[in-house]
Amino acid sequence: MASSHDADTAGITRRKSLAALGGMGALALAGCTSNDGGDGDDGNDGDDGGLGGDDGGDGGDGLSGEVIVTGSSTVYPVSIEMQERFMDENEDVSVTVDSTGSGGGFANNFCPGDSDINGASRPIKEEEIESCDGNDVEPVEFRIAGDALTVAVSPDNDWVDSMTFDELAQIWNGDDPAETWADVNEDWPDEEFDLYGPDDTSGTFDWFTENVVGEAGNHRSDYEPTEDDNTIVQGISNNEHSIGYFGFAYYQENEDDLKALNIAETSDDEPSAPSLEAASAGDYPMARPLFIYPSADSLSEKDQVYSFVEYYLENSNADWIADDVGYVPSNEEQVEENLSTLEEYA
Amino acid sequence: MASETQTSTTWFGSTEEVGRLRGRVFKWTCLGATVLTLFLMLVFLLYVANDALRPLSADPSWLATMGVTVVLPVVLLAGYYYRRDRSAGEVAYTALGLPIFVALVSGGLWLLFRHIVSPQEWFVLAASILVAGGLVTAHSRVRHDAAVERLVVTVVVPLLAVVGVPTVLPSLRDLLSLSPVLPNALFSLVIAFTLPIAAVVGWRVRAVRDADRDGAIAAGITVAGGLAGVVVGPVFGVHPTSWLVFASPIVGALVLYVEHVVRNDEGVSGLAFPIVVAAGIFVGLTAAQTLGFAGPDTWLDMQFLTSSTSTTPADAGIYPALVGSVLIMIVIVLSAFPVGIGAAVYLEEYARSQGRLGTVIELIQVNISNLAGVPSIVYGVLGLAIFINLIGMGRGTAVVAGFTVGLLILPIVIISTQEAIRAVPDSRRQASYAMGATKWQTVRNVVLPESLAGIFTGTILALGRAIGETAPLLMIGVSASVRVSPDSFLSRTGAMPRQILSWSTQITTEFRYGVLAAGVVTLLVVLLTMNAAAIVLRNRTQRTQ
């Protein structure tokens, strides 16, 4: 019984499988194309081009490969704008941007040779150059934009409108920091500070320490340090007795929640409000330069890195740096100077 | 004697009433805790969903239209199922959930076909595997009793077919991909993707219905569903290949499920539910479009899922990060799961519990439990130290990310697998031994099949934990802004949680509320789908046991 059943099904199956095979063969023949690496016509983004083979690949003479950018969270907004605009023109280059802090990027990524470009919101330090040198990495300095470092207090704060470097140093120094507002100025309330600032891997911290507080490394440590400037903004806007500092772009985005202080370098100077115009005119004392540091080897060995840096420098005087990102663009002169420096590494 | 009496009188003789107050307070406190938890979860989910979808930004008439065409029928139907036909209700939710779940899995496959294994490569790979499988089967037929030889053949033939000997002997796969004529992408997929699925569906239906014709019909429907894309796809603006990858598994799964429901003849009316939902959405959208009602301006839309991140919030998307997360998940599945399951099988089935070795095993066991509680950042440091600094693998690549997060969930995989194996009743093992089976035969034929569903449940839940991990990814340098999807496991990749974190630090508020919420919802949908699959699997095993 079983065997006859088997024989039955076997017969049918054989005929069927023959038919099926024939059908498949016909289909396969119909679908055959010459094997020239697919007929893909799709770009890089995922909207529906179907699955017709490899996307991109090494087509023609276009650039390809990776560009790895790390470094300052202050330079990060400029870098991702550059990344997006550059990649719109060069589809096969993969630029990745990470925000690690200026110092963190030099120490962990750039100097060990893991990244091509490091952004920094302060000039590179001597010991960082030495550390890079130990790994045969040569950083090339380009100044790409300026920032107006902003000191802000809560909008509820009605006793202070401007400060001098000296007053700021009284608040932020580490040796003998002021504990209450009244410690700095007797007219101010006898309330403790609530302090917010970037943490010590940040170039903003380094710049502030060096130029405002005085001796490098003498910044007080009992404040709320954070890598995320939005946290500083939130902390300040929620607390009447708070004060903190961060890049101008964050102030520009949150103008309603914050009150920026006018800053004077000494009490003889006229205090000036933070603005991009004042920073580029040199009136605002806390204007600071922003840098990128490509490695010399990456520039000369990787075409895509060279092109990206070239694009970066050429566009560092673009209007969108002020309008979209909130930084001071470079001037023509700076761009020319940068480009001539870059040519040495071609 | 006297003292005994004394004690019993003080104990029982107390005239105080038994206080019930404490018990009640405790009960209500527990209830309060439960309600609070659920409430907080609900508020959070609604909050994020509202930010991501912004339903209130829609035209009120649009909302009304959708209410009438979708919400009302769904509520009515659900009410009907609840009052009249509970089993139909169960069928209804499964029938709605199944295609959505399969679609998400197919989405993962689609990403693979697009970025890792192109359809033609897959065709060649499948053909090589088929040939290897055929050879192994043929060998076991011809030389029935040569056990050692069979072991060698089983290992060597597939290796030769797929990998070959590097620089010495090209594999069958390499040879095939050199062939001058290969089917194009669409037909590669039809042959090596749709047909196998249809074959499985047909074979299964044929087996349960014991009828060749039904099997053939089931397989035919599956193939037809996949091929319909050639005709229907362009109408909806879907490329036929994409249609094929999504439609074949969905149609196949639906055929299997509908057959199952119809055969059991229980709750058949529940099958109407997904149709009502789909038709309602279709009618609602068409009506809204013809009447010119504006839909909600959501952050989470196709554009978000298919484009890469941008500095303009409206253009930002999660696609490369999604691809990165899928690659990382594959690495985890291929690396941590075999190791974890293997370790668990050894610890449960083979490891001795007595003697000096038993003490060592116990020590290992305690340490595995401890490792499950180690903070994820520690694993990040471990991954950085071992994989990147010691071995020298690339920073921020999918392999390193997968290995690192895989290490993180390894203890969880081991523990949950051990529990699944422990749940197999000892009487089954004893029965197997009593039949004269060896240890290996018992493990292979009794323990593993019995515990498989439990193992899957545990590992899927562990995988769910893995895709949400952010701290290890930060340590191993997964970049904040990646705009190109990784095209191999060795290129720099993004990942969904990392992308969400970098949006949270953007200056523009739209990123921190809208785009971020859309990313969170995407991650949650993937996660909840996986958890739902795990729960369904667990329920099924509990029912069969």
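Here is how names work: the chains are called A, B, and so on, in the same order as the sequence lines, proteins then strands, and each is numbered from 1.
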Part of [X] lying under 4.5 Å from any heavy atom of chain A:
X: Q303(B); result: neither
X: S188(B); result: neither
X: R395(B); result: side chain
X: L189(B); result: side chain
X: V323(B); result: neither

Inset, instruction - For the pair R206(B) and D212(B), find out whether any cationic side-chain nitrogen is under 4.0 Å from an anionic carboxylate oxygen. - result: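 Salt bridge: yes.
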Inset, instruction - Would you please go through residues 102-113 of chain A and name the residues with a non-hydrogen atom below 4.5 Å from one of chain B, in numerical order? - result: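 Listed by number, the contacting residues are N108(A), N109(A).
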Legend entry - Check: H115(B) ring centre within less than 6.0 Å of F489(B) ring centre: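 No.
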Legend entry - Ring centre gap for F304(B) and W503(B) strictly below 6.0 Å: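 Ring centroids of F304(B) and W503(B) are less than 6.0 Å from each other.
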Legend entry - Partner set under salt bridge (Lys or Arg N to Asp or Glu O under 4.0 Å) for R512(B), not counting sequence neighbours: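 For R512(B) there are no salt bridge (Lys or Arg N to Asp or Glu O under 4.0 Å) partners, ignoring immediate neighbours.
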Inset, instruction - Applying salt bridge (Lys or Arg N to Asp or Glu O under 4.0 Å), name anything that partners D116(A), two or more places apart in sequence or on another chain. - result: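 Testing D116(A) for salt bridge (Lys or Arg N to Asp or Glu O under 4.0 Å), a comparison that skips the adjacent residues, returns K302(A).
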Inset, instruction - Count the heavy-atom pairs under 4.5 Å between each of E84(A), M87(A), E253(A) and chain B, then report the option with the highest count. - result: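 Ranked by heavy-atom pairs under 4.5 Å with chain B, first place is E84(A).
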Under 4.5 Å from any heavy atom of chain B - which part of [X]:
X: E66(A); value: side chain
X: D324(A); value: neither
X: V95(A); value: backbone

Legend entry - Identified side chain to side chain contact (heavy atoms under 4.5 Å, CB included) counterpart of V117(B) within the set Q120(B), R114(B), E121(B):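 Of the listed options, the one satisfying the test is E121(B).
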[X] (side chain) donor-acceptor with [Y] (main chain) under 3.5 angstrom:
X: S502(B); Y: A480(B); answer: yes
X: T508(B); Y: E510(B); answer: no
X: T194(B); Y: A192(B); answer: no

Legend entry - Sequence-distant partners of A322(A), side-chain contact (heavy atoms from CB on, under 4.5 Å), two or more places apart: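 side-chain contact (heavy atoms from CB on, under 4.5 Å) check on A322(A) returns L276(A), P329(A).
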